[in-house]
There are 2 protein chains.
Amino acid sequence: MQHTSHIDALDQQILRVLTKDARTPYAEMAKKFGVSPGTIHVRVEKMRQSGVIEGTKVRINERKLGYDVCCFIGIILKSAKDYDTVIKKLQTFDEVVEAYYTTGNYSIFIKVMTHTIEELHGVLANKIQLIDEIQSTETLISMQNPILRDINP
Amino acid sequence: MQHTSHIDALDQQILRVLTKDARTPYAEMAKKFGVSPGTIHVRVEKMRQSGVIEGTKVRINERKLGYDVCCFIGIILKSAKDYDTVIKKLQTFDEVVEAYYTTGNYSIFIKVMTHTIEELHGVLANKIQLIDEIQSTETLISMQNPILRDINP
DNA sequence: CTTGAAACAAAGGCAAG
DNA sequence: CTTGCCTTTGTTTCAAG
């Protein structure tokens, strides 16, 4: 399976627009890029087929929903072989929004979002640290998120 | 400024659907939730006005674009007062897709995406480590990303 | 606040250049 | 691969419940 798709300049321009607003009318892009709306449609459909475009989603302001706490937790496992088990358990916690398998000090690195610091403590004490296979954790609380964007295609 | 908006059960259901697919027809949601398409429209518009919904975007498969390397870098500053300066400089590097101001071992914590390990080395050596105000960095390479999702509204 | 119908706009399909 | 037309589908508006 070849995993790098052929993206030309037009595809790239389309992606740049759609990563900012997935509902941009094809006619608008067509005009801007000097092609017909049909062409935009064909290109988008091709990128969807090839898997470059996986779908669309609304961007939600978590703060407005009351999610004020964002943190990263480095997890050290008792044994590397427990990786899959731990991921499965982490997956059941809605507060764990991202997980990475990493080199370096930690085996697993996760991002957690909660409404309050108290809730974060709860997630740590009553959920994460109750996972048997975890030896220890280290927490980085995020106070601010000055950069959040996508790859510039 | 009150920052937690009033989200009722219907709003929540709508958000759950739209975070998975921003282009779900209003008529489809209306049928599923037992209300009229007009109501869905009103609710979505209200959440857009209040800022809960910030916009829409396509989800891109970075791997298909050749971005195979994802890593986190913990940055230690020479002096905490240089925070803004450093963020501004980081912002000019497209490869830096996220940045956080954190408590703990690092002052700034960033996520970087590149095509290859060589490119990552280049970003580190020729961009990030050339920033005067940075004292040292620590890199966590992500080998896998088993969880990636949004807050469950 | 919700509804349903009517007007409008965009997307999807298709045959031809 | 691109285009323009045509059909279908979805969104938006609005007067009324």
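Order of the sequence lines fixes the chain letters, A, B, ..., with proteins taken first and strands second; residue numbering starts at 1 for each chain.
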Give a yes-or-no answer on whether the side chains of D21(B) and T56(A) include a donor-acceptor pair shorter than 3.5 Å. yes
With ILVMFWY side chains joined below 4.5 Å, transitively, what does [X]'s cluster contain besides itself?
| X | value |
| --- | --- |
| V42(A) | none |
| L148(B) | none |
| Y100(A) | F72(A), I76(A), Y106(A), F109(A), L140(A), F72(B), I76(B), Y100(B), Y106(B), F109(B), L140(B) |

Assess the residue pair K20(B) and D150(B) against the criterion (salt bridge (Lys or Arg N to Asp or Glu O under 4.0 Å)); give the C-alpha distance rounded to whole Å, side-chain angles, the decisive distance to 0.1 Å, and a yes or no. CA-CA 9 Å; K20(B) 295 202 184 69; D150(B) 290 288; over 6 Å; no
Which nucleotides of nucleotides 4-17 of chain D have their base under 4.0 Å from a protein heavy atom (B), which only their sugar-phosphate (S), and which neither (-), written as one string 5' to 3'? S-----SSSB----
Please indicate whether K31(A) has more than 12 foreign heavy atoms, meaning atoms of other residues, nucleotides or ligands, lying under 6.0 Å from its NZ. no
Would E95(A) and K127(A) pass as an ion pair if we require N to O under 4.0 Å?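 K127(A) and E95(A): salt-bridged.
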Value in whole Å for how far the [atom2] atom of [N] lies from [atom1] of [X]:
| X | N | atom1 | atom2 | answer |
| --- | --- | --- | --- | --- |
| D11(B) | dC1(C) | CG | C1' | 12 Å |
| L18(A) | dA10(C) | CG | C1' | 14 Å |
| Q49(B) | dC1(C) | CD | P | 13 Å |
| I40(A) | dT3(D) | CD1 | P | 9 Å |
| M47(A) | dA11(C) | CE | P | 14 Å |
| K46(A) | dT2(D) | NZ | P | 7 Å |

Identify every side-chain donor-acceptor pair in residues 81-91 of chain A under 3.5 Å, counting partners at least two apart or on other chains, and give the distances.
{"from": "Y83(A)", "atom 1": "OH", "to": "Q144(B)", "atom 2": "OE1", "distance (Å)": "3.3"}
{"from": "K89(A)", "atom 1": "NZ", "to": "E133(A)", "atom 2": "OE1", "distance (Å)": "3.2"}

Secondary structure string for DNA chain D (Watson-Crick or G-U under 3.5 angstrom, | for other-strand pairs): |||||.|||||||||||
